[in-house]
Asks: 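Quick one: structure below, then a few questions.
Any value given below was found using the heavy atoms of this structure, including those in side chains, with hydrogens, waters and symmetry copies removed. Chain letters run A, B, ... following the sequence lines, proteins first and then strands; every chain starts at 1.
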Amino acid sequence: MRNLLLQFCFGVLFASLHRGLTVFLVHSFAPASIRIPSDNVSRIFYFLHFVSDGFFDYVLILAVLQAIVYFREIQQREFRLQQAELQALKTQLHPHFLFNTLNAISALSFDAPETASRVIAQLSDLLRFSLKSDRSAEITLKEELNFVRKYLQIQQTLLQERLEIKWDISPKTLDAFVPNMFLQPLVENSIRHGIAPKESGGCIEINSRRIGETLEIYVRDNGLGISSNKTNTSGDGIGLTNTRARLRHLYGEAHEFELSEPADGGVMINMTIHFREGNQE
Amino acid sequence: MKIKTLIVNDVVLARNLIRRYLDKDPEIEIIGKCANGREAIMAIKNLAPYLVFLDVQMPKIGGFEVVETVGAANMSPVIFVTAYDEFGFEAFKVNALDYILKPFDEERLTNSVRHAKRQMKFDEPAGLRLTGRAITE
């Protein structure tokens, strides 16, 4: 409201200046016929005409400027959105995981130096991969599994016998394109909210198969589940929100992504996307 | 006359590391190790340690819930050891002696133990304000 009033004042000021300049120019150069009329009534109309004309010009200029500002804002918003996505991709390794791993390496350096060295190599691979800035939106399932396998090996070092992994990957699906880094947040969720909070631990099952023209992948755990889980206060977590947004971004409506709670406990995540092979490149 | 110490952490390697550093201190006697909050509550109630190295995030019952369940009157002095840096303020609200972030080195741990010992000696004549029980038996 205050802004509007300010604009109005500027408008009147601009119009007056505009008028003053015009009157000066008209007096200097225009032929006598269109000069300021001499009677008072005509003078008032003449004045109003110039002021309203000037005000209209001001509004026009303002509108153009506003349009430029608006356009710039849209551009910036899009840029920020891209940055956010990039950031989301980069920071999927939870800092807590990183520090716990470093602490474990510290312990292993005394008790089992060979294992410590192995974990350092695994962690380095993970970091190298997740810090890479020129990552494409999609990679092959084989590459994705390599990353997740290393991540899970480290988690097994941390959780030991409390974490069991079952792989059931159809060899036919290994060259299929999948979203880059989509599996790791899913298994991380399973561990953080399902298995780590459970005293006896649990098992994660990762399954992939090709059905006709679709690729079906599921991640299933027998952890605490969503309903009985009090550590999971943030809904389905950053990981899943990101995954959903990215799938929508990549495949539009041509995908399925479902989270369910099987009757015998835990959480199951099903993802179905179009099957596309990437080995020819 | 030793300081009876309990180690609570759900990562076995983290327990091992704390034990390794503490083993070098002749005044410390490790009386137990726990992998979760439930075990910790039982151990604190039954063993009445003088010092507890407590994890924050653990299966089912976290470190803060352990303190709450045992109750301020019966709670042993606590040094929190965690990978999370955001619970420091909360930790000192429940009278934690220290808040150690993972990963930590030997110096960090021994400094913390030295600080704990000083607090205990300071509190001893008053009947141990921190613990509600005497430091030596």
Asks: What's the shortest heavy-atom distance between A:R162 and B:P59, and which atoms?
Replies: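 For A:R162 versus B:P59, the nearest heavy atoms are NH2-CG, 3.4 Å.
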Asks: How long is the straight-line distance from CZ of A:F110 back to CG of B:L17, given to the nearest 0.5 Å?
Replies: 6.5 Å
Asks: Going from CG on A:N100 to NZ on B:K102, what distance comes out if it is rounded to the nearest 0.5 angstrom?
Replies: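 A:N100 atom CG to B:K102 atom NZ measures 4.0 Å (nearest 0.5 Å).
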Asks: Atom NZ of B:K60 and atom CG of A:L224: how far apart are they, to the nearest 0.5 Å?
Replies: 7.0 Å
Asks: Which bit of B:F104 comes within less than 4.5 Å of chain A, counting heavy atoms only: side chain, backbone, both or neither?
Replies: both
Asks: What's the spacing between B:R20 CZ and A:S106 OG if we round to 0.5 Å?
Replies: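 Those atoms lie 10.0 Å apart.
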Asks: Pick out which of A:T157, A:I105, A:N103 makes a side chain to side chain contact (heavy atoms under 4.5 Å, CB included) with B:L13.
Replies: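 Of A:T157, A:I105, A:N103, side chain to side chain contact (heavy atoms under 4.5 Å, CB included) with B:L13 is met by A:T157 alone.
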Asks: In terms of heavy-atom proximity below 4.5 Å to chain B, should A:Q160 be classed as side chain, backbone, both, or neither?
Replies: side chain
Asks: Examine whether an atom of B:N36 lies under 4.5 Å from a heavy atom of chain A, and if so say whether it belongs to the side chain, the backbone or both; otherwise answer neither.
Replies: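 Only the side chain of B:N36 comes within 4.5 Å of chain A.
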Asks: Does B:E86 CD have over 12 foreign heavy atoms under 6.0 Å away?
Replies: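 Counting other residues, nucleotides and ligands, CD of B:E86 exceeds 12 neighbours.
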Asks: Please classify the contact between A:L159 and chain B as side chain, backbone, both or neither, with a heavy-atom cut-off of under 4.5 Å.
Replies: neither
Asks: Under a 4.5 Å heavy-atom cut-off, does chain B meet the side chain of A:T101, its backbone, both or neither?
Replies: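 No part of it gets close to chain B.
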Asks: Please classify the contact between A:A104 and chain B as side chain, backbone, both or neither, with a heavy-atom cut-off of under 4.5 Å.
Replies: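 For A:A104, the contact with chain B is made by backbone and side chain together.
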